[in-house]
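Side-chain atoms are counted along with the backbone in the values below, which use heavy atoms only and exclude waters and symmetry mates. In what follows, chains carry the letters A, B, and so on, assigned in the order in which the sequence lines appear, proteins first and then strands, with residues in each chain numbered from 1.
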Amino acid sequence: MEDIRLQPAMVVDDVVKRFGRGDEIVTAVDHVSFNVAQGEFVSVIGPSGCGKSTLFNIIGGLLGDYEGSVMIGDERISAPHPAVGMVFQEESTFPWRNVIDNVAFPLELQGVAKSERMDRAHHFIDMVGLASFEKNFPSQLSGGMRQRVSIARTLVSQPKILLMDEPFAALDEQTRLLLGDKITQIQQELNQTTLLITHNLTEAVQLSDRIVVMTYRPGKVKRIVDINLKRPRTSDVVGSDAFGHYVAEIWNDLREEASRGMADSESAASRRGAHG
Amino acid sequence: MADTLVRKSSSSPSLLFRYGPEITGLASLVVAALLFELLVRVGVINRYVIPPPSDVILAFERVVTEEDILGRSGATAFEMIVAAVAAVLVGVPVGALLHRSPLWRRAMEDWVGALAAAPIVLAFPLFLVLFGRSPKTIIVMAFFHGLAPIILKTIEGLSGTRKVLINVGRSLNMTSSQMFWKILFPSALPVIFTGIRLSWTFVLITVVGVEYLINLGGLGQLINELAERYDLPGTYAAIFFVILVSVFFFILLERVELWLRPAR
C-alpha cells in the first residue's frame, strides 16, 4: 500500500519571479523547486530579501505572473486557489467583527447556512483555544490571540494546504513557543499539510518535518534539511541535543546568506547617506 | 456594619470615577457662568455686549412661551436632518465612485476640497434666485456645504484600507462587490464617520447662518429678530437652543455609529 505522506500535495517546480524592467530587473526567486507531501510540515527559511514573501504570494495565487509552476494536483496556481488557505504576517482580523464572525467569514462567503457556519466556526475557535472569547472583538485580544483567530479563520474552510507567512513574527519568544505548540497540535490533529515561510530558525526546527533553506538575493534553494525529531512534538524539544544540532547546522548554512544580506543593506544605507 | 462601611466607601469613588468627566465639564460651565456674572456685575464686561448669565436664564421662559421656540427648533432640526442625510446619501456613493476611478479622483479631488473650504453661506443671493425665499434654499445650501467632507473622507477611508485585509479578501476569491461591502466599506467606516461629523457641523452652521441672513424659518431667524430688538438675553437664550438641537443631532449620529460599528 502506498504511503499517503509520499504523495505530494503541492509541487513547486523551477519557479522564477523577476520584478522591474530593462536594466532594472531584479530576480527575487530563482529556479526554486521543492514539494510538500500530504500531511507534511515544511518551512522555507532564509534571510530578509531572499524572496520568501514573493514565494508566499506566488503559492497563494496573489502573484499570478511567474515562470515555472506551482501545482496542486493537476492545477497550476495562477490565482488564489480554494485548496490553499493563507495566514498573513500582519495582523489580519477584521476589527469590526467579533471572533466568531471573523472565523465564520469564509463560510459566509460560501453561502453556508448560519447555524452550520457557527457550529464549524465554534469548532475551530475551540481548537485554537479561544472558546471563551467568541464574542470579543479583536481590539480586546492580545496579538497572539488575534493571530490564532486568523489561523482559525483559515482552517475553517478546511484547505488542503495551510500556507503561513511568519504568523508569529510580531510576538515575543515565549508566546511564539507556546503558539508553536498549538500549531503542532492542530497540524497533527488534522494531519494538515502546512507550508511555513519564516526567518526564525528555532521556530522552523520546532515545527517542521523538512526545512528549505534559501540563499540571499536572488532566492535559490540552498539545501533541504530533514528534521528527524520525534512526533508528537512539543516545545520541550527545544531543550534536546538534536534540536540544538539542527539549529547549529542550519545556522551554518544561513550565516553566510544573512551576512550578505546585512552587507547589502549597509551599503544601501551608506549610499543613501552619501546622496542625502 | 463594617461591611456596609466598606461598601459605602468603595461605591462613592467609583461613582465619581464613572461620572468624573461629566461632573467636571458641568462644574467648569457653572464656574465660567459665575465668572461672567461677576465680571458683568462689577462692570469689567459691558452688559450691552454680553448680558449676565442670570438674565439669560430668566429669558428662557420668555423665549419658550412667547417665541414658539419648539416650533422653530423643529423647523431648524428638520432642515438640518434633510440636508445632512442627503449629504450622506450622495457623498458616500460619490466618494466610493471617485475612489474606484483614479482618473476622476485626481480630476475632482481638488475641486471637492475647494468646495469644502468655500464660504458657501455668502452665495445665498444666488440660491435665493434659484430656489426662492423658502426652506428649500436653506436645505440646498446646507447640503452643498456638507457634501465635500463626506466625499473626501470616504475616499480617504477606502484608500486607507490595510493591504493585508484586501489580500485576505483576494485569497478568499471575493468578488469586487463582496470586497467593497465586506472589507473596504466596513474598514473605511470610522473615517467616513469623521467626515459625517464634520459635514453635520457644516450643515448646522449653514442652516442657522442662512436662516439668520434671509430671516426665514427656525432658530436663525429668531436670533436675527431678537438681535434686531436688541434683546441680548433672549438672543443668547436662542443660541442655547441652537446648541441643544446640535447636541440632539450628534447624539443621533452617535447612536447610528454605535449600531453600525459595535466594535468601536
For this session: Look at atom CZ of R162(B) and say whether more than 12 heavy atoms of other residues, nucleotides or ligands are closer to it than 6.0 Å.
Result: yes
Exercise. What pairs meet the side chain to side chain donor-acceptor pair (under 3.5 Å) rule with one or both residues in residues 69-90 of chain A, with sequence neighbours excluded?
Worked result: E75(A)-H81(A)
Exercise. What pair of heavy atoms forms the shortest contact from L62(A) to S171(B), and how long is it?
Worked result: CD2-N, 4.1 Å
Exercise. Would a distance-only check, ignoring hydrogens and angles, find a side-chain to backbone donor-acceptor pair under 3.5 Å from R170(B) to P80(A)?
Worked result: no
Exercise. CZ of F240(B): more than 12 outside heavy atoms within 6.0 angstrom?
Worked result: no
For this session: Let me know if Q140(A) has heavy atoms under 4.5 Å from chain B in its side chain, its backbone, both or neither.
Result: neither
Exercise. Which heavy atom of P82(A) sits nearest a heavy atom of N173(B), and at what distance?
Worked result: CD-ND2, 4.4 Å
Problem set entry | F180(B) atom CZ, over 12 foreign heavy atoms within 6.0 Å | yes
Exercise. Are F94(A) and S187(B) side-chain neighbours, meaning at least one heavy-atom pair lies under 4.5 Å?
Worked result: no
Exercise. What residue, out of Q110(A), E91(A), R97(A), has the most heavy-atom pairs lying under 4.5 Å from chain B?
Worked result: E91(A)
Problem set entry | Exceeds 12 heavy-atom contacts within 6.0 angstrom, atom CZ of F248(B) | no
Exercise. So, for F105(A) and M174(B), which heavy atoms are closest and what is the spacing to 0.1 Å?
Worked result: CZ-CE, 3.7 Å
Exercise. Heavy-atom distance under 4.5 Å to chain A: side chain of L189(B), backbone, both or neither?
Worked result: neither
Exercise. Is it the side chain or the backbone of K182(B) that comes within 4.5 Å of chain A heavy atoms, both, or neither?
Worked result: both
For this session: Flag the pair V168(B) / M86(A) as yes when at least one side-chain heavy-atom distance between them is below 4.5 Å, and no otherwise.
Result: no
Problem set entry | Part of T93(A) lying under 4.5 Å from any heavy atom of chain B | backbone
Exercise. Roughly how far, to the nearest 0.5 Å, is the CG atom of N167(B) from the OG atom of S92(A)?
Worked result: 9.5 Å
For this session: Please check if atom CD in E24(A) has more than 12 non-hydrogen atoms from other residues, nucleotides or ligands closer than 6.0 Å.
Result: no
